[in-house]
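A note on names: the letters A, B, ... follow the listed sequences, proteins ahead of strands, and every chain is numbered from 1.
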Amino acid sequence: MNLTNSLVIKFKFRGNFITTPFLLHSNFSTNRSMLPKITNLNHALNLFDEMSQRRPLPSVVQFNQLLHLVTKMKHFSSSLHLFNQMCSLGVPVNEYSMSIAIKCCCQLNHTKDGFALLGSCFRRAIPPDVYIFSALLDGLVIEDKIFEAEMLFKKLVKQKLCEPNVVMYNTMIKGLCKFGNNVTAVALLRLMEQKNCQPSIITYSTIIDSLCKDRLIDDAFKLFKEMVFEKRILPNVITYTSLIRGLCNIGRWDEASNLLKEMEDENISPNVQTFNVLVDAFCKEGKVEEAEAVINIMIERDKAPDLVTYSSLIDGYCLRGEMIKAREIFDSMTLRGLVPNVVTYSSLLNGYCKNRNIEEAMQMFRQMTRQGLKPNVVTYNTMLQGLFQVGHCVAARKLFDEMHAQGLIPDHCTYRIVLDGLCNNHLVEDALSLFHLLGDAKLNYDIFVYSILIDGAGKCGKFHIARNLFHDLIDKGLQPDVRTYTVMINAFCQEGILHDAKHLFLKMEECGYPPNNVTYCVLLQGYLKNKHCDDVEMLLQEMGDRGYSLDASTLSLFIDHIAAGLLDRSMLKLLGKLVPKELLNDPRLCDWE
DNA sequence: ATAGGGTTAG
């Protein structure tokens, strides 16, 4: 390794950065032997000790270099500690030292401390620069304080406290994307062009990734083309990986495969993460053989599968109910030098739970704790759902309390799982009192929660409660979605109030939420069960026009009605058009048409 | 210094 090349220091020269090889002479001899060797934290800490004992003290530049190295290794708390020691030693810290210290606070989720350090910049007469503000902005984004982030950004621009550079724009764009605000993200991209700050591949990749996550794949490609053909920015492996994932997620496999070819033609090799996207996509479709084939290619190409790869594969086998195979992969990971983490465990636990093997799930849950892994909210959610599914409500309650004792805060998923679990185990009263007890502003404004409770109340014959909940959510200004309408229609049908069911069915369309397959089936079942057959034929016709099909239980009900002479056999022809392929081999349908 | 991966939800 060439020492001269590896030790490059940036000198500020007439306001421009120029890079100059840092020539090493006698007084830097210790540097020469130590700095390039720094590969881990201990080396860095030892060097710091050694440096702080030298007299005179090394310059702030040398300390900053070391600080920068430690930060690069992501040892943020150590870096902060060193910064504090620098201050105690009397090293005249500058804006670079401050920016590193602030960056560390922000990356540690202590943006507040970062702002405190900003205050100390002013006290030390160090004018904060764009790096410092970018670090703070990123901290706010990391902590999901998007409103504060936007305020800071606007304030910096308006009061001309600093001229945003491409990194700062990218950070703000990342924040907007994180909150699904793609429109403003693109607007900011346009603003930076207008201000002559050229967007980079990072700017484009950030927005492209966000559009892909929101399934706006065509918009993503529009931006991709703009980047390549207008801006002449070459896409890299990250850009391609985002697009391939976007395509896989919406099932556009051929295009994903073409894009993979395209990127290889451009001499951009897929990396572990690109392959992971493919493995995950195959596994989510239950195509574990294909996933295994991808993994073999990874091994051939020296792109060692990692925890993510195997977690996806475990998911794939769990989805197919092949728990022995899933467990085999889990157990063999250690042999490959990979130690399962909380996510891997959660995947396996979810598999056991979904396949109703709660005993094995419980055992593994305890095993992970013994191995020193702390279950997180997702792990508890998985277990809670598993326990409710097999009706172990008392055990679920115990686990819920345990979660609390561990200092974990239940999230939206937790409440949805618990409320749904209680409803499905005929404990609607408990669900409702929990809902009212919580009174949590967020929970009370969660449309999913309302759907769960309305469904639960309706199915337990507590119709008035279901209807009150529906009015309640309207009063709060919540917008019911297709599921909310559907469960409410179901509740009306069960109560035999078909007039209101039909009214709501028509209303949802007016409100921009057209009924789906399930809604039609629910209403049809309601009509049949209540022997109210006037609209049935029309509804079936509409379903055909919309390309919908009947589910197994609705179809069964129709056949029973026809067999009992309650419906005319002429309806069979219409029904035949609405039978999904997988139901066509039902023996009862043999004499159709 | 800024961008991409894995677990839960009706």
Side-chain angles (χ1 to χ4, degrees), chain A residues 68 71-72 96 99-100 102-103 106-107 129-135 137-138 141 165-175 177-178 199-210 212-213 236-246 271-281 283-284 306-315 318 340-351 353-354 375-386 410-421 423-424 446-456 481-484 486-487 518:
Chain A
H68 173 77
T71 311
K72 266 280 214 210
Y96 192 41
S99 80
I100 294 177
I102 290 173
K103 164 120 199 134
C106 293
Q107 295 294 314
D129 57 16
V130 65
Y131 300 112
I132 288 177
F133 285 124
S134 290
L137 191 69
D138 195 37
V141 169
N165 62 9
V166 62
V167 173
M168 185 175 267
Y169 276 112
N170 288 348
T171 308
M172 192 63 243
I173 286 174
K174 177 179 78 171
C177 288
K178 196 173 174 188
S200 65
I201 183 157
I202 295 180
T203 323
Y204 277 102
S205 294
T206 306
I207 306 176
I208 286 172
D209 185 65
S210 177
C212 286
K213 279 189 175 136
N236 63 14
V237 61
I238 296 180
T239 332
Y240 275 114
T241 302
S242 290
L243 287 166
I244 292 172
R245 179 162 24 82
N271 61 16
V272 175
Q273 297 179 34
T274 321
F275 284 122
N276 281 349
V277 167
L278 302 175
V279 170
D280 193 55
C283 288
K284 286 211 163 71
D306 60 8
L307 275 180
V308 178
T309 325
Y310 289 116
S311 287
S312 294
L313 191 60
I314 289 172
D315 274 339
C318 289
N341 63 8
V342 181
V343 177
T344 332
Y345 265 101
S346 296
S347 281
L348 190 68
L349 290 174
N350 186 41
C353 288
K354 287 276 150 66
N376 61 19
V377 175
V378 175
T379 326
Y380 276 101
N381 288 352
T382 307
M383 291 305 297
L384 284 170
Q385 179 160 243
D411 63 4
H412 277 211
C413 279
T414 320
Y415 289 119
R416 289 174 191 175
I417 290 166
V418 170
L419 292 174
D420 189 51
C423 287
N424 287 329
D446 183 346
I447 191 67
F448 289 167
V449 163
Y450 275 98
S451 300
I452 294 168
L453 292 173
I454 292 170
D455 196 35
D481 65 10
V482 177
R483 279 176 198 255
T484 329
T486 305
V487 294
V518 183

Given [options], which nucleotide is nearest the side-chain atoms of [X]?
X: A:Thr344; options: B:dA9, B:dG6, B:dA3; value: B:dG6
X: A:Phe448; options: B:dT8, B:dG10, B:dG4; value: B:dG10
X: A:Thr206; options: B:dG4, B:dA3, B:dA9; value: B:dA3
X: A:Val378; options: B:dT2, B:dG4, B:dT8; value: B:dT8
X: A:Thr241; options: B:dT8, B:dT7, B:dG4; value: B:dG4
X: A:Asp280; options: B:dA3, B:dA9, B:dG6; value: B:dG6
X: A:Ser311; options: B:dG4, B:dG6, B:dG10; value: B:dG6

Can you check whether any acceptor in the base of [N] is under 3.5 Å from a donor in the side chain of [X], or vice versa?
X: A:Asn341; N: B:dG6; value: yes
X: A:Asp481; N: B:dG10; value: yes
X: A:Asp411; N: B:dA9; value: no

Base, sugar-phosphate alone, or nothing: which one does [X] contact when heavy atoms must sit under 4.0 Å apart?
X: A:Asp315; value: sugar-phosphate
X: A:Asn276; value: base
X: A:Asn165; value: nothing
X: A:Ser134; value: nothing
X: A:Ile452; value: sugar-phosphate

Just N and O in the side chain of [X]: are any of them under 4.0 Å from OP1 or OP2 of [N]?
X: A:Gln273; N: B:dG6; value: no
X: A:Asn350; N: B:dT8; value: yes
X: A:Lys213; N: B:dG4; value: no
X: A:Lys174; N: B:dT2; value: no
X: A:Lys178; N: B:dT2; value: no
X: A:Lys284; N: B:dT7; value: yes

Can a side-chain donor-acceptor contact be found between [Y] and [X] if the only test is distance below 3.5 angstrom?
X: A:Asn276; Y: A:Asp280; result: no
X: A:Asn236; Y: A:Thr239; result: yes
X: A:Asp481; Y: A:Thr484; result: yes
X: A:Asn350; Y: A:Thr382; result: no

For [X] and [N], give me the distance from atom [atom1] to atom [atom2], rounded to whole Å.
X: A:Leu313; N: B:dG6; atom1: CG; atom2: P; answer: 15 Å
X: A:Arg483; N: B:dG10; atom1: CZ; atom2: C1'; answer: 5 Å
X: A:Ile202; N: B:dA3; atom1: CD1; atom2: P; answer: 7 Å
X: A:Leu307; N: B:dT7; atom1: CG; atom2: P; answer: 13 Å
X: A:Ile417; N: B:dA9; atom1: CD1; atom2: C1'; answer: 6 Å
X: A:Ile207; N: B:dA3; atom1: CD1; atom2: P; answer: 13 Å
X: A:Leu243; N: B:dG4; atom1: CG; atom2: C1'; answer: 11 Å
X: A:Leu137; N: B:dT2; atom1: CG; atom2: P; answer: 12 Å

If you measure from the Lys or Arg side-chain nitrogens to the Asp or Glu carboxylate oxygens, is any gap between A:Lys174 and A:Asp138 under 4.0 Å? yes
With sequence neighbours left out, what residues match A:Phe275 under ring pair (Phe, Tyr, Trp, His ring centres under 6.0 Å)? none
How would you list, by chain and number, every residue that makes a salt bridge (Lys or Arg N to Asp or Glu O under 4.0 Å) with A:Arg416, sequence neighbours excluded? A:Asp446
